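One structure is given below, encoded as structure tokens.
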Protein chains: 4
Amino acid sequence: MRADARRNRARILAAAEEVFAEKGEGASTEEVASRAGVAIGTVFRHFPTKRDLLAAIMKELRARLVGEAAALAARADPATAFFDYFAFLVERAARVRTVLGLLAAEGMGVEPGDQIRALQQAVGELLAAAQRAGAVRPDVGIDEVMAILTAACQGALHGAWDDDLRRRTLAVVFDGLRPRP
Amino acid sequence: MRADARRNRARILAAAEEVFAEKGEGASTEEVASRAGVAIGTVFRHFPTKRDLLAAIMKELRARLVGEAAALAARADPATAFFDYFAFLVERAARVRTVLGLLAAEGMGVEPGDQIRALQQAVGELLAAAQRAGAVRPDVGIDEVMAILTAACQGALHGAWDDDLRRRTLAVVFDGLRPRP
Amino acid sequence: MRADARRNRARILAAAEEVFAEKGEGASTEEVASRAGVAIGTVFRHFPTKRDLLAAIMKELRARLVGEAAALAARADPATAFFDYFAFLVERAARVRTVLGLLAAEGMGVEPGDQIRALQQAVGELLAAAQRAGAVRPDVGIDEVMAILTAACQGALHGAWDDDLRRRTLAVVFDGLRPRP
Amino acid sequence: MRADARRNRARILAAAEEVFAEKGEGASTEEVASRAGVAIGTVFRHFPTKRDLLAAIMKELRARLVGEAAALAARADPATAFFDYFAFLVERAARVRTVLGLLAAEGMGVEPGDQIRALQQAVGELLAAAQRAGAVRPDVGIDEVMAILTAACQGALHGAWDDDLRRRTLAVVFDGLRPRP
DNA sequence: AATGAATGAGAATTCATTCAT
DNA sequence: TATGAATGAATTCTCATTCAT
């Protein structure tokens, strides 16, 4: 791929992430194009359908988020890494709608499947480590955790939680996840 | 207003609730009209914009849900009424998209504001009673509770939780809300 | 259907027949709309897809052509009716592209099937009568006749035959169809 | 012209003939390019517009078909050569859409004019020879013959005649061309 | 000369909203 | 008041053609 093409591709992805983050999947491809400063045809050359564009954003985002999980797993205390990552995702979701596409079966018009699996695995590893460290009750499974995580992300996004509310809300949720004393 | 006009208004509202519950706010006004058995013009005479129609549905739905809260407060044990209502709302949200319109700043294209306040008050009363009964920890506020409730509703709807997952997920959340032993 | 709607429907059909007759199925729906003096949405209200519009034209045209066949069968000498109808169709096809849609497996983007069958039957009856009258050799079947007819129509349309050329060409073809002396 | 340029030109022509033969003139120039293994820009460098490309194919094809006529004229019995060539062209047309471009005023978006004249001359010579040999009636002119030939080609292509139908159809047509006994 | 990315004018179709009947 | 036809802007996607690399 030529240098200018790569540059445009990146600009389109960035514009798309912005636009879809702000307006959801309903935003028009035209707006993505104009925000990226290219013609509509260029967007469709790089991403033959709107769906493809959405999927590409997801992939990028997923890679970034999974990378964060790995980094956290490597350097942080297992007892806190899980909670930190959970909070990190929720905080991100509040700003970036597309995070949700990775978590919810619906939204962004993209089949999750693989999308979710990669993230679920990353979360699953942090969860297992936290459970081994006794920081999370042993009887919760990855399913519930993902469900709660998804819900929290959705809530944070659509409910426009401020920092304080997010902190207090997560405090309650985290308490539910900790072992009973 | 003439009798037939009033009758039409009711039929439109009922149809709209059905349609938007099934398909979300993206559903076409035309479909609402045909499901209600009236012409499209009649819908717009009663509700000048789609937004107005959505707002009207919300009002109806809110009234019904608040009524349920009151009924529960009257006849059930305060220690369980709060949790029962919480679970009830989540279960409804899973099937009826419009419930979210009452809880989330977004969804259904309607400014909540008043919407939310009425429901928040109903939940607040159940919460206070439960706290007095020692069933919910005294340090959580209505804000966190509404946030968690909204999140759970959103999760249930978009995540397509089955009955079992919903039960397990709520179990964790409820544990977070209960007093530490 | 309301009077104005019926009027518009007729105008759209007329415009579509004209436009597609001139430019073939590639002509834009927009042009049909503007030639009919209505907005694009009106065309799509009456004919939900372009295909539907094409199909509607075909149906009209077919009915008219089959009607002509019946009329000819009723009032003309069987020995000449077949040839007259053959020539009539070719002459029409030269001016009206859509005639081909009724004859050719391709063209006008509409599955022929029924289209073709109705016309084939009409021609078949004229053919049988002509054969009984000894005006057409008994060993040609309706398949060949339809093939030749279609070919002639196509030739007349795409080849832009003038009246004289059409007459001379058909003379040769008709000779091939007549019994050997 | 550089050697590689000439090579590319040939590859593009070959690819274009294939592509347009399969899909008609609606096929995209992009596909021609990719089938030829060159970039789209290269196609447009050699043939400034799509029309030019189509015209070039015609010219090539015409040369080949005229060559066949000459070969047949040289080695076959004049009484059969004309009919053989007629059948040969029709059979080719059934498979190669572009043959039509040579025969019809329309199709392939190219003005025939010169195109047709060369082929018409080739056919004309075979016809004259056949008439001298008494195999074709003396009163048909080259115009009618070309018209019938074109029509048959078009019919064969668009009507998707199978081998048997083609044989029977041509039998009728050829009978029309033969002298009355 | 070749490449292939960018352009932008359509094309079909949908839908909220208006307005004649 | 009700009807439902008409409107026309918006949307996704395609393709001939141009132009920077």
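In what follows, chains carry the letters A, B, and so on, assigned in the order in which the sequence lines appear, proteins first and then strands, with residues in each chain numbered from 1. Computed from a predicted structure; not experimentally measured. Reckoned from all heavy atoms, side chains included, excluding hydrogens, waters and symmetry mates.
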On the nucleotide [N], are OP1 or OP2 found under 4.0 Å from the side-chain N or O atoms that [X] carries?
X        : N       : value
His46(D) : dA2(E)  : yes
Asn8(B)  : dA2(F)  : yes
Thr29(B) : dA16(E) : yes

If I take atom [atom1] in residue [X] and atom [atom2] in nucleotide [N], what distance separates them, rounded to the nearest angstrom?
X        : N       : atom1 : atom2 : result
Phe47(C) : dA12(E) : CZ    : P     : 15 Å
Glu30(C) : dA12(E) : CD    : P     : 8 Å
Phe20(C) : dA11(E) : CZ    : C1'   : 12 Å
Glu25(A) : dT11(F) : CD    : P     : 14 Å
Arg7(A)  : dA5(E)  : CZ    : P     : 13 Å
Arg11(A) : dA5(E)  : CZ    : P     : 16 Å
Lys50(A) : dT11(F) : NZ    : P     : 8 Å
Asp52(B) : dT18(E) : CG    : P     : 11 Å

**OP:** Before giving the answer on side chain to side chain contact (heavy atoms under 4.5 Å, CB included), spell out for Val32(B) and Phe20(B) the whole-Å C-alpha distance, their side-chain angles and the decisive distance to 0.1 Å.
**Re:** CA-CA 8 Å; Val32(B) 172; Phe20(B) 292 129; 4.0 Å; yes
Original post:
Of the nucleotides dT12(F), dT21(F), dT21(E), which one has an atom closest to the side chain of Asp4(C)?
Top reply: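 From the listed options, dT21(E) comes nearest.
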Subject >> Minimum-distance nucleotide (side-chain atoms of Arg2(C) versus dT3(F), dA2(E), dA2(F)) >> reply: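 Side chain of Arg2(C) sits closest to dT3(F).
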Original post:
Are Lys23(D) and Glu31(D) within salt-bridge range, i.e. N to O under 4.0 Å?
Top reply: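 Answer for the salt bridge query: yes.
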Original post:
Would Glu30(D) and Arg35(D) count as a salt bridge (charged side-chain N to carboxylate O under 4.0 Å, His left out) if you check the C-alpha gap in whole Å, the side-chain angles of each, and the deciding distance to 0.1 Å?
Top reply: CA-CA 9 Å; Glu30(D) 189 78 46; Arg35(D) 184 103 53 123; over 6 Å; no
Atom pair [atom1]/[atom2] of [X] and [Y] - distance to nearest 0.5 Å:
X        : Y        : atom1 : atom2 : answer
Asp52(D) : Ile57(D) : CG    : CD1   : 11.5 Å
Leu53(B) : Glu25(B) : CG    : CD    : 12.0 Å
Leu65(C) : Met58(C) : CG    : CE    : 10.5 Å

Original post:
Testing Arg2(A), Arg7(A), Arg6(A) for side chain to side chain donor-acceptor pair (under 3.5 Å) with Asp4(A), which one passes?
Top reply: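 One option only clears the test, and that one is Arg2(A).
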**OP:** Decide yes or no on side chain to side chain contact (heavy atoms under 4.5 Å, CB included) for Val43(C) and Lys50(C), but give the supporting numbers first.
**Re:** CA-CA 9 Å; Val43(C) 176; Lys50(C) 189 179 183 178; over 6 Å; no
**OP:** Taking Watson-Crick and G-U wobble pairs with both distances under 3.5 Å, convert DNA chain E into its dot-bracket string, 5' to 3', dots for unpaired and | for cross-strand pairs.
**Re:** .||||||||||||||||||||
Subject >> Non-neighbouring partners of Glu17(C) that pass side chain to side chain donor-acceptor pair (under 3.5 Å), sequence neighbours left out >> reply: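 Listed in chain order: Arg64(C).
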**OP:** Return the 5'-most residue of the pair Arg9(C), Ala27(D) with respect to DNA chain F, ranking by each residue's nearest nucleotide.
**Re:**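 Taking each residue's closest nucleotide, the earlier one in sequence belongs to Arg9(C).
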Subject >> Arg6(C) vs Ala3(A), nearer the 5' end of DNA chain F by closest nucleotide >> reply: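 On the 5' side of the pair lies Arg6(C).
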Subject >> Non-hydrogen side-chain atoms of Phe47(A) and Thr29(A) separated by less than 4.5 Å >> reply: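 Of all side-chain heavy-atom pairs linking Thr29(A) with Phe47(A), none is under 4.5 Å.
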**OP:** Return the 5'-most residue of the pair Ser28(C), Gly26(B) with respect to DNA chain E, ranking by each residue's nearest nucleotide.
**Re:**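 Closest to the 5' end, via its nearest nucleotide, is Ser28(C).
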**OP:** Mind listing the residues from residues 36-45 of chain B sitting with a heavy atom below 4.0 Å of DNA chain E? Number order is fine.
**Re:**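 Of all residues in residues 36-45 of chain B, the ones placing a heavy atom under 4.0 Å from DNA chain E are Ile40(B), Phe44(B).
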